[in-house]
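Below, chains carry the letters A, B, ... as their sequence lines are ordered, and counting in each starts from 1.
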Amino acid sequence: MTMMRSSSSSSSTLSLLKSCKTLRNLEQVHALIIRKGSEQDHVLVTEFISICNSISPKHVTYASTVFDRVLQPNIYLWNNLLKCHCTHSSMATSINFFKRMKQSCYVAADKYTFPSLVKACSRVLALREGQVVHGLIVKYGTEFDVFVGSSLVDLYGKCGEIVNARKVFDEMLVRNEVTWTSMIVGYLKIGDHLEAKKLFDEMPQRNVFSWNVMINGFVKSGDLVSARVLFDEMPDKSMVTFDTLIDGYAKSGDMVSARSLFDQSPEKDIVSWSALISGYAQNGQPKEAVKVFNDMLSRNVKPDEYVMVSLMSASAQAGDWELAKWVDYYLSECSIDLGQNHIAAARVDMHAKCGNLERAATLFEKMPTRDLISYCSMIQGLSVHGHAVRAVALFQRMLAEGLTPDYAAFTIILSACSHADLVDEGCHFFDCMINEYSLAPLTDHYACIVSLLGRAGRLKEAYDILKELPMELHAGAWGSLLWACRVHGDVSLGKEVAGRLFKIEPQNAANYVLLSDIYAASNQWSDVNDVRNQMNEKGIRKLRGCSWL
DNA sequence: GTAGGGTTAG
């Protein structure tokens, strides 16, 4: 403050302003501006707004109040606060602010006004609003500015309006790397990799963005070979370049390449660590994921929400109760926003899969709103740990809350019923799936319902469900029905079912053995012999329990 | 005399 008092000229206030790092600093300089009667100093207020914007998105309102005290804001001021709104507020807020600006008789929009406004539209793919802005751009005569043009190419490209994007691009008088890159993004967006690559090869200058965009385009389309070729050609790779390809390898399941590139990467940022951890978790190597996570901690890299979600998924898969407890504790201590549904759902899922059902239930109930994902995590947790009745009750509650179950939700509830022989409930949900939610059951759903009916001895009902379906898709369900026929000694249905199974999987010894057992159980020894002869004729050998290890 | 804009990754 002593330093502030001694400063008298506007330029020293300006440099003080530039050195502000926190809201507290800003407030102090703000007080100084007021005391010195500089509230109408356009340069100072412009800088103030810009600093507000860079310190935190939350300070847009603060910037607005300072702006509102300026009697005749000039174009710099309007444009600067418009930019704040465009980067942090909703598109509607930004457009409303722009309307206020248009009504002000002191200023006219210029070429600096529009790029951020177009970006506000492109961010939310608001094509209609973007087109209106494009009209204004022409009206104000700013369409030949390279920044304005690039923003329009970006808007149309991101909205999939490739013809309009190209039209703007072709009509521009000056194009730079950003213009070309935006055009390439447009072609990649509609999946035209050939045209994208053509532009990439044609463009006079490339920067790091252009390379990364093109590499990412190949990665997204699954063409990791082309991505790698470009990667190896690229002169000055950035962190993003490594991140993109490491993540591409990890998502495609090629953890060997992902790991090797990660090890080559000169620095490792949070995105690379996250890609590797998530890759191991998604590819069934939870232990490896945890190892990488520990390695990351030991290098003092702070995990973020992406990393924590992957780590929770790994803990859930590994069923590692101790690890789950530690992760839970870590989450409660760190600054990650635990209110987000996908994080809460992952947390519930982790505890449920690790068998800590009470903790899962507590977290589940504490969620402000429960979505389908978190319900399913909780229901599945109850089901696999033997609480089918609670699982059914929770499923009912989910329906009562008005959530719409999908295929996966029905698989979970039918399998819960099937594990606990809840026949009536299972039949009810199966019926509900078809008639109330208009979902045609898939293989897994048929397998659950048939095994459920079969174990309950309701063989005819199971048969009636299956007989109308294309057999090839449901061999498993037919097999489970045959098993039920053996358990309940139904010879005639067993013969019928086995006959069908022999047609679609003639080499599966288990079906012959089951039929032969069915005959044997009712003392039809000549039929037993017939089945054995059939097996011999077809050269099928009964598989003995064996292990390759 | 002094100020401002557009393109990439999980």
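Note: CE (A:M183) to P (B:dT7) measures 16 Å, nearest angstrom. Atom pair A:L199:CG and B:dT7:P shows a separation of 18 Å (rounding to whole Å applied). B:dT7 atom C1' lies 7 Å from atom CG of A:D154, rounded to whole Å. Spacing between atom CH2 of A:W180 and atom C1' of B:dG6 amounts to 17 Å, rounded to whole angstrom units. For the pair A:D247 CG and B:dT8 C1', the interatomic distance rounds to 13 Å; values are reported in whole Å. Rounded to whole angstrom, the span from the CZ atom of A:F209 across to the P atom of B:dA9 amounts to 10 Å. Taking atom CG of residue A:D110 and atom P of nucleotide B:dG6, one finds them 13 Å apart after rounding to whole Å. Distance, A:N207 CG to B:dG6 P: 15 Å, rounded to whole Å.
Taking every side-chain heavy atom of A:S182 into account, B:dT7 is the closest of B:dT7, B:dG4, B:dG10. Among B:dT7, B:dT2, B:dG10, the nucleotide with an atom closest to any side-chain atom of A:K220 is B:dG10. Side-chain proximity of A:T244 to B:dG4, B:dA3, B:dA9: nearest is B:dA9. Closest to the side chain of A:T46, out of B:dG6, B:dA3, B:dA9, is B:dA3. With B:dG6, B:dG10, B:dT7 as the choices, the nucleotide that has an atom nearest any side-chain atom of A:N176 turns out to be B:dG6. When the nucleotides B:dG10, B:dG4, B:dA3 are ranked by their closest atom to the side chain of A:H42, B:dA3 comes out on top. If you check B:dA3, B:dG6, B:dT8 against the side chain of A:V178, the one that comes closest is B:dG6. Nearest to the side-chain atoms of A:Y306 among the listed nucleotides B:dG10, B:dT7, B:dG4 stands B:dG10.
For the segment residues 81-106 of chain A, residues with any heavy atom less than 4.0 angstrom from an atom of DNA chain B are, sorted by number, A:K83.
Separation of atoms OG1 (A:T179) and CD1 (A:I184) is listed at 10.5 Å; rounding is to 0.5 Å.
Considering A:R166, A:K167, A:H134 in turn, A:H134 is the only one that fulfils the side-chain hydrogen bond (donor to acceptor under 3.5 Å, both in side chains) rule with A:Y156.
Figure legend: A:K111 and A:F147 shown without cation-pi pairing, the cationic atom not lying both under 6.0 angstrom from the six-membered ring centre and within 45 degrees of its axis.
Residues A:W78 and A:Y106 keep their aromatic ring centres 6.0 Å or farther apart. Between A:F48 and A:H30, the gap from one ring centroid to the other is short of 6.0 Å. A:F293 has its ring centre no less than 6.0 Å from the ring centre of A:W273. Between A:F242 and A:F262, the gap from one ring centroid to the other reaches at least 6.0 Å.
At a cut-off of 3.5 angstrom, the base of B:dG6 holds at least one donor-acceptor pair with the side chain of A:S150. For a distance-only test at 3.5 Å, the side chain of A:N74 qualifies as a donor-acceptor partner of the base of B:dA3.
Side-chain N/O atoms of A:K119 include one lying less than 4.0 angstrom from OP1 or OP2 on B:dT7. Side-chain nitrogen and oxygen atoms of A:K189 include none within less than 4.0 Å of the OP1 or OP2 phosphate oxygen of B:dT7.
When the side chain to side chain donor-acceptor pair (under 3.5 Å) test is applied to A:S210, the partners found at least two apart in sequence or on another chain are A:T181, A:N207. The side chain to side chain donor-acceptor pair (under 3.5 Å) search around A:D243 returns A:S272, not counting sequence neighbours.
Among the protein residues, A:I270 comes within range of the nucleic acid bases, having at least one heavy atom under 4.0 Å from a base atom. A:V271 comes within 4.0 angstrom of a nucleotide base, judged by non-hydrogen atoms across all strands. Here A:D243 lies in heavy-atom contact (under 4.0 Å) with a base. Within the 4.0 angstrom heavy-atom criterion, no nucleotide atom of any strand lies near A:L152. A:T179 comes within 4.0 angstrom of a nucleotide base, judged by non-hydrogen atoms across all strands.
Under the stacking criterion of a centre-to-centre distance below 5.5 angstrom and an interplanar angle below 30°, A:F147 is not stacked against the six-membered ring of B:dG6.
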